[in-house]
Amino acid sequence: MAVSLKPVIKVSDKLREMLNNAIAREIQVSVQYMWQHIQVVGVKGVAVQDKFKQTAIAEMKHAEKIAERLWYLEGTPTTKPAPIVVGKSLKEFLELDTKAEVEAIEMYREIIEMAKKEGDGTTAFIFKEILEDEEEHHDLFTTMLEEV
Ligand SMILES: [Fe+2]
Ligand SMILES: [Fe+2]
């Protein structure tokens with residue numbers, strides 16, 4: 001008996017491209033937040049330094065998770081980050097990071113919709129979990145922005 005080695009689920013090129021855009025974005029923010037962790041200055045910066053590091057690590061885990069899914073769906077994960085902008089002050093870091101999280105939230109909502117449309121419940125589920133993290137990050141950065 002011949003056993004198929006293909007994944008059971010078939011998705012569109014468009015969805016695969018969206019997953020790759022998500023990976024590019026996750027690599028971007030994992031570097032962006034880690035370099036902010038390194039470049040913070042001043043009393044306020046030191047107080048929140050670890051938050052950047054923890055968030056950077058969370059983003060790298062997202063990149064891994066999405067890449068794993070894309071590989072299963074017969075796509076090749078990109079190695080290129082979306083444009084990284086570190087910023088020059090704590091306030092600027094937080095403004096850039098809030099913007100990045102808003103972009104992620106919008107992008108991942110679209111991916112969830114698209115995956116559902118294509119009957120790919122697993123990708124939708126993975127992105128719902130990631131979306132929850134991105135909403136937490138958005139909350140964290142906007143809370144930090146209230147007093148810088
Ligand atoms: Fe993320
Ligand atoms: Fe995030």
Side-chain angles (χ1 to χ4, degrees), residues 6-41 44-45 47-148:
K6 296 266 174 197
V8 176
I9 180 93
K10 295 223 177 349
V11 300
S12 66
D13 288 344
K14 177 65 191 164
L15 184 58
R16 274 194 285 261
E17 189 192 316
M18 288 164 92
L19 294 194
N20 244 338
N21 290 340
I23 292 167
R25 213 207 65 80
E26 294 292 352
I27 304 172
Q28 171 217 334
V29 291
S30 66
V31 175
Q32 187 168 309
Y33 301 166
M34 195 59 91
W35 282 190
Q36 289 169 342
H37 156 72
I38 287 167
Q39 292 179 26
V40 288
V41 289
K44 283 176 180 168
V48 296
Q49 200 172 22
D50 283 351
K51 294 287 178 196
F52 289 109
K53 183 175 174 178
Q54 287 159 10
T55 314
I57 293 167
E59 307 296 15
M60 184 47 85
K61 288 180 179 169
H62 291 168
E64 183 207 8
K65 190 140 208 189
I66 302 166
E68 216 167 44
R69 184 64 187 161
L70 180 62
W71 183 250
Y72 178 73
L73 295 172
E74 303 194 299
T76 304
T78 183
T79 57
K80 293 187 183 68
I84 297 163
V85 197
V86 174
K88 294 219 171 0
S89 64
L90 183 58
K91 187 164 185 285
E92 199 187 343
F93 293 176
L94 294 170
E95 285 168 351
L96 289 162
D97 299 354
T98 298
K99 185 172 158 271
E101 295 297 333
V102 169
E103 284 165 5
I105 290 166
E106 287 168 353
M107 189 189 282
Y108 297 174
R109 277 199 195 130
E110 282 174 28
I111 290 174
I112 291 166
E113 281 316 302
M114 189 79 172
K116 276 197 212 154
K117 248 187 245 167
E118 299 193 13
D120 181 0
T122 308
T123 297
F125 177 79
I126 289 169
F127 273 88
K128 271 186 210 160
E129 286 194 326
I130 296 176
L131 182 58
E132 198 181 335
D133 288 348
E134 308 304 9
E135 285 175 347
E136 268 174 34
H137 299 161
H138 181 258
D139 185 42
L140 171 70
F141 292 137
T142 52
T143 303
M144 285 157 83
L145 254 182
E146 274 171 35
E147 205 193 292
V148 271

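In this text, all values refer to a predicted model and were calculated from it rather than measured experimentally. These values consider heavy atoms only, across backbone and side chains, with no hydrogens, waters or symmetry-generated copies.
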In terms of ring plane angle, is the pair F52 and F141 parallel, tilted or perpendicular, where the classes change at 30° and 60°?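 Because their plane-to-plane angle is under 30°, the rings of F52 and F141 count as parallel.
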
Strictly below 4.0 Å, N to O, side chains only: are [X] and [Y] in salt-bridge contact?
X	Y	answer
R16	E74	no
K53	D50	no
K14	E118	no
E113	K117	no
R69	D120	yes

E134 versus H137, side-chain donor and acceptor atoms under 3.5 Å: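 Yes, a side-chain donor-acceptor pair sits under 3.5 Å.
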
Within 6.0 angstrom of K10 NZ, more than 12 heavy atoms from elsewhere: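 Above 12, so yes.
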
If you count every heavy atom of other residues, nucleotides or ligands that lies below 6.0 Å from F125 atom CZ, does the total exceed 12? no

Report the C-alpha separation of E132 and K128 in whole Å, then their side-chain angles, then the decisive distance to 0.1 Å, and conclude whether the salt bridge (charged side-chain N to carboxylate O under 4.0 Å, His left out) test is met. CA-CA 6 Å; E132 198 181 335; K128 271 186 210 160; over 6 Å; no

Side-chain donor/acceptor of [X] to backbone N/O of [Y], under 3.5 Å:
X	Y	result
Q36	V86	yes
Q49	V40	no
Q28	I84	no

For Y33 and I57, what are the C-alpha separation, side-chain angles and deciding distance, and is it a side-chain contact (heavy atoms from CB on, under 4.5 Å)? CA-CA 9 Å; Y33 301 166; I57 293 167; over 6 Å; no

Run the side-chain contact (heavy atoms from CB on, under 4.5 Å) check on T55 and D97 step by step: do they pass? CA-CA 10 Å; T55 314; D97 299 354; over 6 Å; no

